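Read through the structure below, which is laid out as structure tokens, and then see the notes.
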Amino acid sequence: MKININNNKKSCDIWSNLVKCSLIAIFMLLVTSSSYAQNSDAPKEDNSVARVTGLKNLCVHVLQLEKTLKLYREILGFKMFDAKILHGPGLEGMLVMKLKADDLVISLSLTAPEFWNTVGPIGNTNHNHFMLKVNDIKTIGDKLKAEGYELENENYARDKYTFFVGPNGEIVGLSAWD
């Protein structure tokens, strides 16, 4: 029995090309639909639906002040434009430094050692987090609770903010503040 290797190779090349062409076609469809979503001619968002509307802030809890400032200011080029000490439950004595690079702002938070005992298990005083701006925190907070997420601030509707732990251990903040 003789096997024709050239015929099998041609058949394999045809299938390989078909798979490549299919993947390219799928990629082009995804890119086209993605660019359509960003196009100004695309349908406008329904503002009556509770959703994320932007990024409120990024916060890095500082454990090593000198190294942190060197990284963000000297190496990455951020400029400090604001710093203040916060007061209140879970925030007492926390220094927040706001750094800016072009249109990106990050916060560096540093809790004074004498207030470490006031830091809770979740919140903006002791965890790296990102905070999302939302248009309807009550609806979104209620949905999160219904899905079993524990919210750090049970008064989120009144206070317009809360934090929760995402499925990957990430700390997510929600804010309805402008």
Side-chain angles (χ1 to χ4, degrees), residues 34 37-40 42-65 67-73 75-178:
S34 173
Q38 296 174 3
N39 188 332
S40 61
K44 301 293 181 217
E45 291 287 333
D46 180 1
N47 288 331
S48 65
V49 176
R51 62 185 177 83
V52 171
T53 61
L55 180 65
K56 183 72 174 168
N57 69 20
L58 296 170
C59 184
V60 176
H61 184 71
V62 175
L63 299 175
Q64 297 181 34
L65 183 59
K67 282 182 110 173
T68 302
L69 289 177
K70 182 173 184 161
L71 170 66
Y72 286 95
R73 293 177 72 192
I75 297 171
L76 298 177
F78 281 84
K79 305 285 183 221
M80 189 175 314
F81 76 93
D82 189 24
K84 59 183 159 189
I85 296 177
L86 302 180
H87 302 282
L91 301 173
E92 193 62 48
M94 182 173 68
L95 171 64
V96 176
M97 299 164 279
K98 293 198 177 203
L99 305 178
K100 188 172 187 171
D102 292 331
D103 62 347
L104 176 62
V105 174
I106 63 170
S107 299
L108 301 177
S109 67
L110 179 67
T111 301
E114 63 268 24
F115 295 107
W116 284 347
N117 65 328
T118 68
V119 173
I122 298 176
N124 65 346
T125 59
N126 66 336
H127 293 282
N128 298 321
H129 72 272
F130 60 93
M131 182 168 275
L132 301 171
K133 187 174 181 181
V134 297
N135 65 352
D136 183 351
I137 196 164
K138 179 169 181 358
T139 300
I140 293 173
D142 292 348
K143 285 180 182 180
L144 286 167
K145 286 176 65 172
E147 287 294 319
Y149 288 96
E150 290 184 34
L151 302 183
E152 177 260 348
N153 178 9
E154 285 294 323
N155 297 314
Y156 54 90
R158 181 193 70 208
D159 297 342
K160 298 184 180 181
Y161 81 92
T162 194
F163 293 89
F164 65 96
V165 178
N168 306 295
E170 69 274 26
I171 304 300
V172 181
L174 301 176
S175 172
W177 289 99
D178 287 328

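Heavy atoms only: backbone and side chains are in, while hydrogens, waters and symmetry mates are out. A quick note: this is a predicted structure, and the numbers were derived from the prediction, not measured.
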[X] vs [Y] side-chain heavy atoms within contact, under 4.5 Å:
X: Leu132; Y: Leu55; value: yes
X: Phe78; Y: Leu71; value: no
X: His61; Y: Ile171; value: no

Which distance, rounded to the nearest 0.5 Å, do you find between the [atom1] of [X] and the [atom2] of [Y]?
X: Asp159; Y: Ile137; atom1: CG; atom2: CD1; answer: 9.0 Å
X: Ile106; Y: Leu99; atom1: CD1; atom2: CG; answer: 5.0 Å
X: Thr139; Y: Leu144; atom1: OG1; atom2: CG; answer: 11.0 Å
X: Asp102; Y: Lys79; atom1: CG; atom2: NZ; answer: 11.0 Å
X: Phe164; Y: Glu170; atom1: CZ; atom2: CD; answer: 7.5 Å
X: Ser175; Y: Met131; atom1: OG; atom2: CE; answer: 5.5 Å

For [X] and [Y], work out which heavy atoms get closest and say how close.
X: Lys100; Y: Phe81; result: CB-CD2, 3.6 Å
X: Ala50; Y: Ile140; result: CB-CG1, 3.7 Å
X: Leu108; Y: Val62; result: CB-CG2, 3.7 Å
X: Leu151; Y: Gly141; result: CD1-O, 3.6 Å
X: Arg51; Y: Asn135; result: N-OD1, 2.9 Å

_Under a 3.5 Å distance rule, please check whether Asn153 uses its side chain to pair with a backbone N or O of Tyr161 as donor and acceptor._
yes

*Please confirm whether the backbone N or O of Lys133 pairs with a side-chain atom of Trp177, one donor and one acceptor, at under 3.5 Å?*
no

*For Tyr72, which of Thr68, Leu69, Ile75 qualifies under side-chain contact (heavy atoms from CB on, under 4.5 Å)?*
Thr68

_Tell me which one of Glu154, Glu152, Glu150 satisfies salt bridge (charged side-chain N to carboxylate O under 4.0 Å, His left out) with Lys145._
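That would be Glu154.
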
